[in-house]
Colleague: 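Let me begin by handing over the structure; questions about it come next.
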Amino acid sequence: MTPGIRPLIAGNWKMNGTIREAIALAESIGANAPRGEADPDLVVFPPFPHLHAVGSTLMGHGVAMGAQDCHAEPKGAHTGDVSAPMLRDIGCAYVLVGHSERRLNHHESDADVRDKAAAAIMAGVVPVICVGETMAQKAAGQSESVIQRQLQNSMPDRFSTARGVVAYEPDWAIGTGRTPSEEDITTIHALLRRLAPAGTRLLYGGSVKAGNAPVILALPNVDGVLVGGASLAAAEFLAIAAAASPA
Ligand SMILES: O=C[C@H](O)COP(=O)(O)O
């Protein structure tokens with residue numbers, strides 16, 4: 001973690017669950033979330049159709065809500081898309097942009113990610129810019145150059161004023177049970193710290209569980225984690241959050 005930066009524990013629910021299940025998960029997280037001065041901030045990212053119900057459930061519990069994507073335009077003829085002002089309107093404080101599942105499955109470019117992040121900032125929503133290399137890029141020794149290129153080209157002009165967040169998620173670590181070595185995470189996060197504006201919260205994501213969270217969260221320049229699968233169980237997610245609280 002970084003002195004002076006409040007940790008952020010983020011749960012990306014991806015495309016999972018019914019509304020009933022989302023409410024139950026939000027109730028359980030909201031009722032048991034740590035609320036001390038030195039405790040981490042918590043945010044969950046439900047699927048779009050669950051945002052209203054989850055936002056209502058979390059009201060007054062000190063857990064923020066975010067969305068998993070947004071369009072770069074504030075409104076218009078974009079069938080199937082959701083704008084950043086709509087997310088703000090429904091109560092989202094954060095939005096993920098450039099998650100590797102969007103970059104790889106939807107062919108989103110760095111320029112697309114930058115435009116989405118700019119739209120989020122314009123709407124008063126904090127963008128969480130995701131970056132990360134593929135296994136082929138890692139094997140070719142390109143991790144740092146790929147991540148530098150992604151981040152520099154994905155940050156919009158006003159990112160420094162937005163209290164933005166950057167998440168390092170190597171795609172080969174997502175949902176696989178594999179994580180980079182502590183040395184690799186440290187190296188990449190030192191690079192992110194050099195590239196991102198001062199005060200940016202830097203998250204690590206990819207197979208984070210309650211078991212490995214204490215080690216990952218203790219690494220320099222790791223200001224929190226972006227959790228996928230393990231965020232779908234309240235107890236596991238809260239145990240990860242506990243690892244970011246003072247002992
Ligand atoms: O956004 C979250 C990540 O893609 C990590 O997913 P995971 O924790 O299931 O590996």
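Atoms within each ligand, like the ligands themselves, are counted from 1 in listed order. Values below: every heavy atom of this structure, side chains too, minus hydrogens, waters and symmetry copies.
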Colleague: Pairing donors with acceptors under 3.5 angstrom, does anything connect the side chains of Gln68 and His99?
Modeller: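 Judged by distance alone, the side chains do not pair up.
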
Colleague: With a 4.0 Å heavy-atom cut-off (strictly under), which part of Ile174 contacts ligand 1: side chain, backbone, both or neither?
Modeller: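 Both of them.
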
Colleague: In the protein, what heavy atom is nearest to atom 9 (O) of ligand 1, and what distance, to one decimal place, separates them?
Modeller: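 Answer for atom 9 (O) of ligand 1: Gly229 N, 2.8 Å.
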
Colleague: Going by the salt bridge (Lys or Arg N to Asp or Glu O under 4.0 Å) test, which pairs reach into residues 201-227, not counting sequence neighbours?
Modeller: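 For residues 201-227: Asp41-Arg201, Arg193-Asp223.
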
Colleague: Any luck finding a side-chain donor-acceptor pair between Asp112 and Ser109 under 3.5 Å?
Modeller: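 There is such a pair (donor and acceptor under 3.5 Å, judged by atom type) between the side chains of Asp112 and Ser109.
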
Colleague: Using a 4.0 Å cut-off to any heavy atom of Ser207, which atoms of ligand 1 qualify?
Modeller: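 What qualifies from ligand 1 is 7 (P), 8 (O), 10 (O).
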
Colleague: Would Gly206 count as being in polar contact with ligand 1, using the rule that some N or O on each side must be under 3.5 angstrom apart?
Modeller: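 No, no N or O pair falls under 3.5 Å.
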
Colleague: Report the relative orientation of the aromatic rings in Tyr204 and His189; use parallel for angles under 30°, tilted for 30 to 60°, perpendicular for over 60°.
Modeller: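 Tilted, since the angle between the ring planes falls between 30° and 60°.
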
Colleague: Which protein non-hydrogen atom lies closest to atom 8 (O) of ligand 1, naming both residue and atom, and how far is it?
Modeller: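 Here the nearest protein heavy atom works out to Gly228 N, 2.8 Å.
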
Colleague: Specify the protein heavy atom at minimum distance from atom 3 (C) of ligand 1: its residue, its atom name, and the distance to 0.1 Å.
Modeller: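 Minimum-distance protein heavy atom for atom 3 (C) of ligand 1 reads Glu169 OE2, 2.8 Å.
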
Colleague: Salt bridge or not for Arg103 and Asp110, using N-O below 4.0 Å?
Modeller: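 Salt bridge present between Arg103 and Asp110.
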
Colleague: Please work out whether any backbone atom (N, CA, C, O) or any side-chain heavy atom from C-beta onward of Ala230 is under 4.0 Å from ligand 1, and answer side chain, backbone, both or neither.
Modeller: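 For Ala230, no heavy atom sits under 4.0 Å from ligand 1.
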
Colleague: Distance under 4.0 Å to a non-hydrogen atom of His99: what atoms of ligand 1 satisfy this?
Modeller: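 Heavy-atom distances to His99 below 4.0 Å select 1 (O), 2 (C), 3 (C), 4 (O).
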
Colleague: Hey, does Lys209 sit under 4.0 Å from ligand 1 if you only count heavy atoms?
Modeller: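 No, Lys209 has no heavy atom closer than 4.0 Å to ligand 1.
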
Colleague: Checking Gln148 against Ser145: is there a side-chain donor and acceptor pair closer than 3.5 Å?
Modeller: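 Gln148 and Ser145 do not have a side-chain donor-acceptor pair below 3.5 Å.
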
Colleague: Would you check the N or O atoms of Val227, main chain and side chain alike, for any that come under 3.5 Å of an N or O of ligand 1?
Modeller: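 No - when backbone and side-chain N and O of Val227 are compared with those of ligand 1, no distance drops under 3.5 Å.
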
Colleague: Is any side-chain heavy atom of Met65 closer than 4.5 Å to one of Cys92?
Modeller: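 In contact.
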
Colleague: Any atoms of ligand 1 less than 4.0 Å from a non-hydrogen atom of Ala173? List them with their elements.
Modeller: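 Under 4.0 Å from Ala173, ligand 1 has these atoms: 10 (O).
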
Colleague: Is there a heavy atom of Gly205 sitting under 4.0 angstrom from any atom of ligand 1?
Modeller: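 Per 4.0 Å heavy-atom rule, Gly205 does not contact ligand 1.
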
Colleague: Closer than 4.0 angstrom: is that true for some heavy atom of Ser100 and an atom of ligand 1?
Modeller: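 The answer is no: ligand 1 sits nowhere under 4.0 Å from a heavy atom of Ser100.
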
Colleague: Assess the side chains of Tyr168 and Gln150: does a donor N or O sit below 3.5 Å from an acceptor N or O?
Modeller: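 There is no such pair (donor and acceptor under 3.5 Å, judged by atom type) between the side chains of Tyr168 and Gln150.
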
Colleague: Looking just at side-chain N and O atoms, do Ser245 and Asp39 make a donor-acceptor pair shorter than 3.5 Å?
Modeller: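 Judged by distance alone, the side chains do pair up.
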
Colleague: Going by the order shown, which atoms of ligand 1 are within less than 4.0 Å of some heavy atom of Gly175?
Modeller: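 Within the 4.0 Å cut-off of Gly175, ligand 1 contributes 7 (P), 9 (O), 10 (O).
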
